[in-house]
**Student:** 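Pasting in a structure now, in structure tokens, and then I'll have a few things to ask.
Computed from a prediction, not measured in an experiment: that's the story for all the values here. Lettering follows sequence order; numbering is per chain, from 1.
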Amino acid sequence: MHRIYLDNAASTPLSPAVREAMAPFLAQSFGNPSSAHRLGVEAEEAIDRARELVARAVGARARNVIFTSGGTEANNLAVIGGARARKTAGRHLIVGPTEHASVRKAALALENEGFEVSFARLDAQGALDQGHLATILREDTVLVAQMLVSNEFGSIYPVRDVARLVRTRAPHALVHIDAVQGLGKRELSITELGCHTLAISAHKVHGPKGTGALIVSDGVQLEPLLHGGPQEHGLRAGTENPAGIVGLGRAAADAEGSREQTVAHLTALRELFVQLIERLPGAKLLEPGTPQQAMMPGIITTFLPGVPSSVRLHHLDERGVLASAGAACNAKRKDVNPALLAAGLDADDSRRVLRFSLAATTTEEEVRHALRVIEELHHELEAVES
Amino acid sequence: MTTLDVTTPEMVLIRYGELALKGKNRGSFEHALIRNIRAACEPISNVYVERLRGRMAVIPEKRAGDVARRIQDVFGIKTISPAWGCEPAPEKIAELGRAILADALRDYAPNHTVQFRVKTSRGDKSFPMTSMDLDRFVAPLVLEGVENVKVNLSKPELTLGIEVRTERAYVFVRRLKGHGGLPVGTLGRAMVLLSGGIDSPVAAWLAMKRGCAVSYITFHSAPYIGEASKKKVVDLVRALARFQSHSRLFVVPFTEIQETIRDRAPAPYRTVLYRRMMQRLASRLAKRDRCKALVTGESLGQVASQTLENITCIADAAEFPVLRPLICYDKEEAIDLARKIGTFELSIIPEPDCCTVFMPPRPIIKGRIEACEAAEAEMDVEALVERALEGLEMINVKGDVY
């Protein structure tokens, strides 16, 4: 049975070009980049090239790129490393309303060190409440973390406005942007967005798992989380992962290089979903935020009345359509996401939310087939229930 | 009044100081500047560069903010302003100015009163208003209903700049500083003797700042020093590629020369003799690479080899004028500059360079040319030079890194 993969916000298939770029570093080029001999230098040079590619993809310089083991580590390094480096200026953090657990829990872990954590919130439409944010920013706020693209809904947050608000209200604060879902979909730039740190991950853009990067603006001090060797300017000790890093470099370059085509492709595919959802009785497309707010078109989150999403997902899986219930990372979370409440759904409804996430590799044919499967299943389930 | 979108600037306005004064050479200087701007931006965006009188407009396809930052590293530029354009009509200019001011004010604390003025310059003198008339026309319109702003003509902290051209007007508020200097390449090419230390990259930067395109030469004594030392020098060249996008690095094998000097010459003279050989090799390559000068990081009195006597001995072997941009710099000044240009962190990585090989316990402080010549008479200098050049490795460094 042909499998249609619609869970690209969780992970994406490795691209052949990325696999090819990585191959030598899983075979003959096995040197430790810190070694002084030619095998070491070879690995180090490959990392340098990857660093340039990543830097270009985010409009930065190679010196701004710190390779990590993925988005989670990048977020942890930014939040914990950033807050600890600024603790003499204050011990207050602000976390965006729908942050990924790797940001939220990293911030909360700092409570043991005397930090206080406040949460920004969504307004009634599900957009970031900037008026509220202005009131919770303080003189002693040292870090504000806000995601760029919601992994759960694809909503795009006004991070540039957040950064400016922070600059005027909390001059000591670092601004961290989790851009894991934004790479290859939005133009990323620490200077344009006005942030201090920005996290990306390889496996969301057809790169390998276990690799990501934190982009650190010039002059920003962070405390390392891992102690040991001098790798990554002393910010991330441990022998580098040349294969993974080379994979991230290739993947980031390709994602940025084809960004406009990708977005156009995803927008066209999203339209097909929208048409289907309009046909299904009681179904809703969840697009929290203001009507003018842009959505990342590759993430389509829907409320489908009837059976809980877990049941529907199993049925879809059996028929070859792979999707997810909300974000994969917190599929088991009990609390209701504020963005759902904003969309007029209650705790019970939130169990009927499905996320279909697309990538450049998703074809129109696949989407049309998946939509037929979703529609058939919907009617079958409706018939069973009634 | 509608609110215009001023999130991403439309273009980057460039002002060049010294360059405008260069009389007949101005055309070629401007061409070099345009070429260098294009090369600096190429990794992130194609740019269209338009020459205006005494100014340039750089119009990027994308990433205007990052493009502006990159242009800050191009020599020959005094200031840079990311700007927005509109039809050159006073009402349109005021409308755009209003949107830009509103956006800029969000960078100030909410209770702060911003000292503000409007300042027009006209490239197009046929424009129906004088510059001052336009200032007076625009200011009340952009300030209407805006709080916490006070006009202050003598000491403004925020200046709304207006640049009127025949076909378009540009409005801006930010002025980023460039490094000044002259466009790389306008004064010809020079050969920089690059070690892994702090000074020589700074010397290269200063030579580039004054308009030299540079090639680099470094000396490698394998197996006394390893691949990592060579890599360190390559990294330095890449760090400097911010200021000159394409560079050639010549790596000359230096082992045989050092061994010969160790075996045949008086030990105290080793360092001076190494350096004389370096000048010879650099001069040969300079000729091949069409350079007009050598550049070194020498600084008077900094180490034993850098006394007036030793500098005289060393320069005696050069066939080109030797530029020593750091000659009267203190170490701290060189370090400050190295930090500023981003080479310091690379320079302090502990890797030996060839100068440390067979270092004598008591190097000569006041060397004499005759003594150098006497020592060199004991070896076949020409053959050593030839053999070293046969083992030459050339590394092309293209990058936009660090």
**Student:** Can A/S29 and A/E42 be said to form a side chain to side chain donor-acceptor pair (under 3.5 Å), step by step?
**Tutor:** CA-CA 7 Å; A/S29 299; A/E42 192 175 287; 2.6 Å; yes
**Student:** Can you establish whether the number of heavy atoms outside B/E157 located under 6.0 Å from its atom CD is more than 12?
**Tutor:** yes
**Student:** Can you see which heavy atom on A/D140 is nearest to which on A/R138, and at what distance?
**Tutor:** OD1-NE, 2.9 Å
**Student:** Does any heavy atom of chain A fall under 4.5 Å from the side chain of B/N111, the backbone, both, or neither of them?
**Tutor:** neither
**Student:** Got a sec, which residues hit ring-ring contact (aromatic ring centres under 6.0 Å, His included) with A/F25, two or more places apart in sequence or on another chain?
**Tutor:** none
**Student:** Counting only heavy atoms closer than 4.5 Å, note whether A/E45 contacts chain B via side chain, backbone, both or neither.
**Tutor:** both
**Student:** Can you check whether anything in residues 185-200 of chain A gets within less than 4.5 Å of chain B, heavy-atom wise, and list it by number?
**Tutor:** A/E187, A/L188, A/S189, A/T191, A/E192
**Student:** Which bit of A/R164 is near chain B, if near means a heavy-atom gap under 4.5 Å: side chain, backbone, both or neither?
**Tutor:** both
**Student:** List the residues meeting side chain to side chain contact (heavy atoms under 4.5 Å, CB included) with B/A39, not counting sequence neighbours, and say none if there are none.
**Tutor:** B/S245
**Student:** Step through it carefully: locate the ring centre of B/F243, locate the ring centre of B/F75, and say whether they are under 6.0 Å apart.
**Tutor:** yes
**Student:** At a 4.5 Å cut-off on heavy atoms, which part of A/D161 comes close to chain B: side chain, backbone, both, or neither?
**Tutor:** both
**Student:** Tell me every residue that passes ring-ring contact (aromatic ring centres under 6.0 Å, His included) with B/H112, counting only those two or more places apart in sequence or in another chain.
**Tutor:** B/Y108
**Student:** Within the supplied structure, the quantity of interest is the number of heavy atoms (other residues, nucleotides, ligands) at a distance under 6.0 Å from B/R174 CZ; does it exceed 12?
**Tutor:** no
**Student:** At a 4.5 Å cut-off on heavy atoms, which part of A/A57 comes close to chain B: side chain, backbone, both, or neither?
**Tutor:** backbone
**Student:** With rounding to the nearest 0.5 Å, note down the distance linking CD1 in B/I37 to OH in B/Y48.
**Tutor:** 13.0 Å
**Student:** Under 4.5 Å heavy-atom distance to chain B, tell me which part of A/V58 shows up: side chain, backbone, both or neither.
**Tutor:** backbone
